[in-house]
Structures are given as C-alpha cells and as structure tokens.
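For reference, the structure is listed below as structure tokens.
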2 protein chains.
Amino acid sequence: MQLQQVPIGNRLLASLSADDLARLQPHLEPVSLALRQVLIEPNMPIEHAYFPEQGMSSVTNNSSGGKIEVGVIGQEGMIGLPIVLGIDQTPYEHFMQIPGHGWRIAAHDLEQAMAQSRSLHRHLLRYVQASHVQASETAFANANSDIEARLARWLLMCHDRVDGDDIPLTHEFIAMMLGVRRPGVTVALHVLEGMRVIRAKRGLITVLDREKLEELADEAYGLSETEYSRLMKTEA
Amino acid sequence: MQLQQVPIGNRLLASLSADDLARLQPHLEPVSLALRQVLIEPNMPIEHAYFPEQGMSSVTNNSSGGKIEVGVIGQEGMIGLPIVLGIDQTPYEHFMQIPGHGWRIAAHDLEQAMAQSRSLHRHLLRYVQASHVQASETAFANANSDIEARLARWLLMCHDRVDGDDIPLTHEFIAMMLGVRRPGVTVALHVLEGMRVIRAKRGLITVLDREKLEELADEAYGLSETEYSRLMKTEA
DNA sequence: GCTGCATTGTACGATTTCGTACAATTACCC
DNA sequence: GGGTAATTGTACGAAATCGTACAATGCAGC
C-alpha cells in the first residue's frame with residue numbers, strides 16, 4: 001500500500017490494485033475537459049482513453065440529425081472502452097456535457113499495460129459489464145418510462161457525476177439527450193420544481209431532494225448503479 | 001486448415017481460428033434449445049455459455065412485472081458474455097424465444113480456454129462490443145421510433161436469426177418484448193401486411209419483402225449489424 | 001443601463017399510444 | 001367433430017407526447 005502523491009478522484013482508477021495503478025501512472029496525463037470537447041469521434045481511431053475526475057461525458061448516436069444519448073460517463077468510469085476490448089473505434093461520439101478534468105492515457109500505453117497485467121485487464125473488463133448494463137437500462141427506460149421518470153433518472157445520473165448538487169444544463173440540451181421535445185422538458189421540470197425536488201435557474205438545475213427523485217424515476221434508476229458497485233467492490 | 005467433422009453453424013464459433021476452435025471443441029456439447037427454456041437466470045451463477053446454431057434467445061429485464069427485451073442473440077453470437085468479462089452473473093434473464101439448437105460449454109472450461117489462448121479471448125471480446133452496440137441501438141430505437149419502425153427492426157433481427165422467412169411468435173409476445181400494448185402490435189402488423197411486407201398467420205409471421213422492412217425500420221436497423229460484420233470480419 | 005440573443009414559458013391542435021373491454025377466430029384436445 | 005383455450009381483431013375515450021409557433025424573461029457584452 002503506497003501513498004499516492006496526487007489523490008486519484010476517478011473511482012475506476014482508484015479501485016485498481018496499487019500495482020496496477022502504479023503501472024498506469026507514468027502514462028497518465030492530467031487533462032482539463034472542456035464543455036462540448038469531443039473525446040472520441042465516431043468511427044475514427046481512438047487515440048486516448050480518459051478517466052474523468054469531474055464532469056460528465058455523453059455517449060451519443062448522431063444519426064437522424066440530432067444526437068441521442070445512449071450512455072453517460074463520469075468519475076465512476078472511463079471513456080474509450082473499445083480499447084479494453086481490443087478494438088480501435090466505436091460508432092458513437094463521446095463528448096463532454098458537463099466540463100471538468102481528469103486523466104488520459106494513450107491507447108497504445110493502455111494496451112501495453114493490459115498486456116502486462118492480466119489483473120488490470122480483468123478489472124477494466126468488469127467495468128465493461130457495468131457499462132453494458134447502463135446501456136440496457138437506457139433501452140429499458142426509453143421503452144417504459146414517461147418523460148418525467150426519464151428526466152428524473154437522467155438528473156440522478158448527472159447528480160452522481162458532479163460535485164455538489166448543481167447540474168449546469170439547458171432544457172434544449174436535455175431534450176436532445178432524452179430524445180424528446182424541448183417544451184416537454186420544460187414542463188416536466190416545472191412539475192419536479194413544484195414538488196420541491198429540484199430548483200431551476202437559467203442553465204442550471206439544482207437537486208434538492210435526491211430521494212424523491214429516485215422515487216420518481218421508479219424502476220428506471222438503480223439497477224445500473226447497483227450492478228456497478230457489485231462489480232467494482234468484489235475484486236480489489 | 002482442418003476439416004470439421006460436424007460443420008459449425010454458429011457464426012461466432014465459425015469465425016474463430018482453427019486452433020481456438022479446436023481448443024473449445026472437446027468441451028462443446030450439443031444441446032437442443034427448447035421454447036422458453038431459460039439459459040441464464042438473473043443474478044445467479046452462470047453455469048454454461050451457449051452458442052446457438054438455430055433459434056433466438058432474448059435478453060430481458062424482468063422488473064416491472066413483465067419482461068422487456070434489451071437484446072437478442074442467435075447464431076451470430078453467444079449467451080453468457082459475462083464469462084468472457086470474468087464475471088459470473090448478470091441481472092438479465094436469457095431465454096429461448098424461438099426454439100432451436102446449438103452448443104454449450106461449461107463456464108469453467110471456457111474460462112480455462114480463454115486463459116490459455118489470448119486470441120480466443122480477444123475474439124470473444126470483439127463480440128462483446130457488438131453486443132454493446134446492439135443494446136445501445138435498442139435504447140436509440142426505443143427513444144426515437146414509433147411502434148411500426150420498432151416492430152420492423154425487431155422482425156429484421158428475428159429474420160437474421162432464423163432459417164427461412166418464418167418467425168413463429170404471437171402478438172402478445174412481441175408486444176411484451178417491445179414494451180407496448182398487444183393491440184398496438186396487431187395493428188402495426190396489419191399495416192405491414194397491407195404493404196405486402198409480411199404475411200401473418202396465427203403465431204407465425206412470414207417475411208416477404210426484407211428490403212422494404214429495412215426501409216420501414218429506418219435508422220433503427222443496421223448500425224448494429226454493420227458493426228458486427230466489421231468486428232467479426234477483421235480478425236480471423 | 002441598453003441591446004440583443006439565448007433561454008425559458010406557454011399555448012394549441014394533431015398524432016400516437018395507452019388502457020381496457022369484448023367479440024371473432026383459429027388451433028388443439030378429448 | 002364439438003368444446004375449450006389461446007390468439008387475434010376491433011373499438012373507444014383518455015392520456016401522453018408531438019410539432020410548431022410565439023411571447024416573456026434573464027444574461028452578457030457594449
């Protein structure tokens with residue numbers, strides 16, 4: 001057990017064994033992650049994997065004009081899973097939805113590290129499963145839940161990935177991610193605000209009552225998160 | 001290059017190198033896959049991985065009373081991906097929706113084989129990505145497409161996994177998988193039938209015009225399948 | 001403090017899908 | 001070959017969501 005010089009704020013990195021983390025550390029480069037910065041271009045070679053410490057990235061399908069979100073990634077995970085699977089690209093765009101900062105590593109260095117340490121590879125593969133479950137739960141939510149519940153779910157996922165209770169996003173943007181009309185989001189937010197579950201200012205939503213949000217999201221929220229902690233806890 | 005005694009009808013197995021296939025073969029056991037047979041119980045240790053040669057399995061979220069489908073698996077893939085990721089269970093049920101047959105291998109034997117052959121492991125990991133994309137595309141379809149397009153997409157996915165053009169399923173069942181009302185499916189099927197795209201009998205849908213089906217599914221169908229062939233073609 | 005633009009609020013009819021109910025049909029079992 | 005259950009067809013008002021348009025508001029920059 002070795003004291004880190006810089007504390008690691010990314011939970012996926014932090015859950016690695018000391019050995020594996022040490023193996024990555026020389027290659028980790030601190031990066032700031034600007035709003036709307038594209039981390040992975042769809043169908044282009046992936047240059048780096050990113051481990052956010054703050055901020056949130058969206059995984060989107062960009063066909064059909066707009067973007068539709070199929071996943072979110074923050075300090076619990078990593079951007080660039082295909083690398084872990086030995087693949088060099090993905091059809092989905094990854095960009096920063098809430099700015100922040102984190103670490104990045106060249107795809108090649110990560111590959112090499114995984115080739116040297118089976119336990120590192122195994123650990124990252126566990127996160128692949130968590131990510132897969134998240135996508136599946138998004139499919140589930142999109143089929144079953146009304147706008148209000150989906151919005152609640154989405155706010156919770158943001159809340160899990162920001163520092164305080166403030167989520168800096170516009171209705172327009174949220175609508176795009178959920179694949180619904182913008183006024184639909186406005187109205188649903190009003191309902192939540194009426195229940196004192198959130199407070200909304202221009203371009204900013206503040207979570208006031210997380211528990212009630214979870215009730216409102218109903219079955220759409222939770223499985224993913226439970227699965228994540230199960231997977232990441234077991235193996236040290 | 002060695003002639004197989006029994007030709008392998010599962011595309012994932014078939015795309016393995018001769019070496020890797022030979023490594024698995026002693027452990028592969030032919031199984032028939034009965035209608036509604038549960039291959040993986042949610043949150044229970046996974047005993048076997050299955051490689052279907054015929055038939056189709058559904059991956060479902062079983063909360064909320066009914067089941068909702070988050071993925072399908074047939075002769076292009078395998079059931080039991082968590083094993084490939086070094087995980088022993090999944091929150092989703094896997095059961096046969098269209099009966100058939102295939103091969104199975106004990107989880108332990110598969111693990112051992114992957115430990116011995118990195119190329120085997122790598123190859124199966126490529127399929128993990130394909131499966132992830134499929135889940136993401138389901139999320140996309142559920143958010144964006146109306147019942148008709150989603151039904152078209154779903155019929156296409158079935159069609160890809162059965163032998164001829166016949167898909168033996170009831171409206172009730174399809175409705176459950178898509179997460180919509182049963183009469184909604186009945187009506188949508190009538191529309192497709194009116195366009196001569198399918199023919200429907202009791203418990204049986206016959207695909208007549210696959211191309212037009214693909215048009216109707218619009219953007220909801222295709223990406224997954226393109227990604228699959230890209231991933232599985234590259235590496236021999 | 002004004003101005004201009006991005007954001008949010010609100011309205012409206014149109015459309016899709018829902019929930020539910022019940023009738024009609026087919027397949028299967030005895 | 002008649003009865004029975006599963007499946008499919010159809011209808012209806014209710015609800016959710018859509019597409020669109022436009023007004024009101026707050027913020028940023030000058």
Side-chain angles (χ1 to χ4, degrees), chain A residues 35-36 64-66 68 97-98 139-155 166-195 198-206 216-220, chain B residues 35-36 64-66 68-69 97-99 139-155 166-195 198-206 216-220:
Chain A
L35 182 61
R36 245 148 271 195
S64 78
I68 284 263
Q97 182 141 87
I98 300 175
F140 176 75
N142 290 352
N144 270 297
S145 304
D146 58 18
I147 293 190
E148 207 174 299
R150 280 165 66 189
L151 177 58
R153 167 177 191 258
W154 199 75
L155 291 174
D166 287 350
I167 301 168
L169 290 168
T170 66
H171 301 184
E172 183 79 47
F173 220 73
I174 299 175
M176 201 169 227
M177 294 300 102
L178 295 180
V180 299
R181 281 173 327 138
R182 197 269 308 160
V185 171
T186 303
V187 170
L189 283 171
H190 289 167
V191 174
L192 298 186
E193 205 167 5
M195 297 167 134
I198 59 162
R199 193 181 333 124
K201 285 218 271 292
R202 292 224 143 195
L204 182 72
I205 295 163
T206 307
L216 288 167
D218 196 35
E219 300 184 288
Chain B
L35 182 62
R36 243 146 271 193
S64 79
I68 285 264
E69 189 173 74
Q97 182 140 88
I98 299 175
F140 176 76
N142 289 352
N144 270 299
S145 305
D146 59 17
I147 293 189
E148 207 174 301
R150 281 164 65 190
L151 177 59
R153 166 176 191 259
W154 198 76
L155 291 175
D166 287 351
I167 301 169
L169 289 167
T170 66
H171 302 182
E172 181 80 48
F173 220 71
I174 299 174
M176 200 169 228
M177 294 299 102
L178 296 180
V180 299
R181 280 173 327 137
R182 196 269 311 160
V185 172
T186 303
V187 171
L189 282 172
H190 288 168
V191 175
L192 298 186
E193 206 168 3
M195 299 167 132
I198 59 162
R199 190 179 339 121
K201 286 218 270 293
R202 293 229 140 192
L204 183 72
I205 295 163
T206 307
L216 289 167
D218 196 36
E219 299 185 287

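First the proteins, then the strands, lettered A, B, ... as listed; each starts at 1.
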Heavy-atom pair of closest approach, residues B/Ala175 and B/Arg182: CB-CA, 3.5 Å
Interatomic distance where CD1 belongs to A/Ile205 and P belongs to C/dT8 [whole Å]: 8 Å
Pairwise 5' ranking along DNA chain D for A/Glu148 and A/Arg202, keeping only the more 5' one: A/Glu148
Residue pair A/Ile167 / A/Ile198, side-chain heavy-atom distance below 4.5 Å: no
Length of the line joining A/Glu193:CD and C/dT8:C1', which is rounded to integer Å: 11 Å
Length of the line joining A/Arg199:CZ and C/dT8:P, which is rounded to integer Å: 16 Å
Side chain to side chain contact (heavy atoms under 4.5 Å, CB included) between B/Leu192 and B/Leu155, worked out: CA-CA 11 Å; B/Leu192 298 186; B/Leu155 291 175; 3.9 Å; yes
Any side-chain heavy-atom pair of B/Asn144 and B/Glu219 under 4.5 Å: no
Side-chain touch A/Val185/A/Trp154, heavy atoms, less than 4.5 angstrom: no
Atom pair distance, as rounded to whole Å: CG in B/Asp146 and P in C/dC18: 11 Å
Main-chain N/O of A/Ala141 paired with A/Arg153 side-chain donor or acceptor, under 3.5 Å: no
Close side-chain approach of B/Ile174 to B/Ile205, heavy-atom, < 4.5 Å: yes
For atom CG of A/Asn144 and atom P of C/dC18, their distance in whole Å: 10 Å
Length of the CD1-C1' vector between B/Ile174 and C/dT17, whole Å: 17 Å
Residue pair B/Ile68 / B/Gly179: nearest heavy atoms and the distance that separates them: CD1-CA, 3.2 Å
5' to 3' contact window, DNA chain D with chain A (heavy-atom distance under 4.0 Å): D/dT17 to D/dC27
Touch class at under 4.0 angstrom, heavy-atom based, for A/Ile147 against every strand present: sugar-phosphate
Nucleic acid contacts of residues 177-186 of chain A, taken as heavy-atom distances under 4.0 Å to DNA chain C: A/Arg182, A/Pro183, A/Thr186
Involving DNA chain D, stems made of at least three consecutive Watson-Crick or G-U pairs, both distances under 3.5 Å: C:1-30 with D:1-30
Atom pair CE/CD of B/Met177 and B/Glu172 - distance to nearest 0.5 Å: 10.5 Å
Taking every non-hydrogen atom, the tightest pair across B/Leu35 and B/Gln97: CD1-O, 3.2 Å
Minimum side-chain heavy-atom gap A/Glu148-A/Val191 below 4.5 Å: yes
Rounded interatomic separation in angstrom, taking CD from B/Glu172 and C1' from C/dT26: 16 Å
